[in-house]
Amino acid sequence: MYRIAVIPGDGIGPEVIAEGLKVLEAVSDKVGFKYETVTYDFGGERYKRTGETLPDSATAELSEFDAIYLGAVGHPDVEPGILEKGILLRLRFELDQYINLRPVKLYPGVTTPLRDKGPDDIDFVVVRENTEGLYAGTGGFLRKGRSDEVAIQTSVNTRKGVERCIRYAFEYCRKRNKQKKLTLCGKTNVLTYAFDLWERVFHEVGAEYPDIEREYAHVDAICMWMVKNPERFDVVVTDNMFGDIITDLGAIIQGGMGIAAGGNINPDGVSMFEPIGGSAPKYAGKGVINPMAAISACQMMLDVLGETQAAEILEAAIIKVVSTKLKDMAAGRMGYSTSEVGDLVAEAVSGQDIC
Ligand code: IPM
Ligand code: MN
């Protein structure tokens, strides 16, 4: 029996999570695993009502679950940063979800803005460090609001944090067993302290993985190659900030925010799965948003829980629906409503032959 904490959150979060849960039920009926869910109302509405982002008991309580399934946080009436830092980043940090795993995979039949590139070319995974870097929140203001104001925000890179991230990426690359190539994405020509540490650790740890080819590239070049030659990537490892930026680029080349999912992974604890597109308040309540990213996040959750067969069945159902049914991945252009897309995936799960 799996225990899953559900945080639907803000904006379109609840709508897409409802479809993910619909599909989860179909997969569990098909494969036979059991689960229960507990829903938490963390998000902008709760914050507006109570002034609290997360109760202090939240992380201890959430760490008792097998997984967390998150919709989105971000509310138009709440100042930027409050919910992001107070909920999303706080959970990532306090639950020590030190990996943000973001597959960039173009499914057949899905349109990419990259002319001449197809599913064989766009299939890689970004391993983003998820607890340090510029996200650590160190820094502050001097003389705030004055004309001689100073704002400082520094990137925190610990050997422990860098090493566990890089080691995870090597292991992941080996397990994935495709090109067996790990690319370190950095900026050693300018960030000569932070990425010096990353590069040294990359080669030190890499010596233990003689079967994995090592490549280093600057983040700006990576952006160019993600557009020009995405086929050169297998697994890319990088820090928190660069990982945030390059995975939005990744999301667009795999078909857009309607399909991109990620996992905040603590390999020794509880992990949290989310569509990466945010709360998109302008689409909330309209039934036009594509729930496929949330459904893909559910597929990653099953995979990490060890429900390999369930994850495979769900991925096959996702592929069937995106390649034969949906006209477009973008909100309002799927040819179906949010809940109809969930129905299609649930049917594709139930209708599958399994041996
Ligand atoms: C993401 C988001 C978050 C991040 C925001 C909402 C804090 O952009 O998950 O990529 O920057 O990590
Ligand atoms: Mn982001």
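Order of listing sets the numbers, starting from 1, for every ligand and every atom in it.
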Worksheet item: Do any nitrogen or oxygen atoms of Tyr135 come within less than 3.5 Å of a nitrogen or oxygen of ligand 1?
Response: yes
Worksheet item: Is Ser271 reaching over with its side chain to a backbone N or O of Asn266, donor-acceptor style, under 3.5 angstrom?
Response: yes
Discussion item. At a threshold of 2.8 Å, where the distance has to be below it, does the Mn ion (ligand 2) have an N, O or S atom of Asp244 nearby?
Written reply: yes
Worksheet item: In ligand 1, which numbered atoms sit nearer than 4.0 Å to a non-hydrogen atom of Glu84?
Response: 6 (C), 7 (C)
Discussion item. Within ligand 1, which atoms have a heavy atom of Arg92 less than 4.0 Å away?
Written reply: 1 (C), 4 (C), 9 (O), 12 (O)
Discussion item. Can you tell whether the side chains of Lys22 and Glu19 come within less than 4.0 Å, N to carboxylate O?
Written reply: yes
Item to complete: Could you see which bit of Met241 sits under 4.0 Å from ligand 1, with heavy atoms only: side chain, backbone, both or neither?
Response: neither
Discussion item. Looking only at distances, can you tell me whether any N or O atom of Arg102, backbone or side chain, sits closer than 3.5 Å to an N or O atom of ligand 1?
Written reply: yes
Discussion item. So, regarding Arg128 and ligand 1 (criterion: nitrogen or oxygen to nitrogen or oxygen, under 3.5 Å), is there a contact or not?
Written reply: yes
Worksheet item: Identify the closest protein heavy atom to atom 5 (C) of ligand 1: which residue and atom is it, and at what distance?
Response: Leu88 CD2, 4.2 Å
Worksheet item: Between Lys181 and Glu215, is the closest basic N to carboxylate O distance under 4.0 Å?
Response: yes
Worksheet entry | Pair Asp148 + Arg143: basic N to acidic O under 4.0 Å | yes
Practice prompt. Please find out if less than 6.0 Å separates the ring center of Tyr69 from that of Tyr35.
Written response: no
Practice prompt. For Gln352 and Leu314, indicate whether the former's side chain and the latter's backbone hold a donor-acceptor pair under 3.5 Å.
Written response: no
Worksheet item: Quick one: do the Glu315 and Tyr107 side chains pair a donor with an acceptor below 3.5 Å?
Response: yes
Item to complete: Tell me which protein heavy atom sits closest to atom 10 (O) of ligand 1, plus the residue, atom name and distance to 0.1 Å.
Response: Asp244 OD1, 2.9 Å
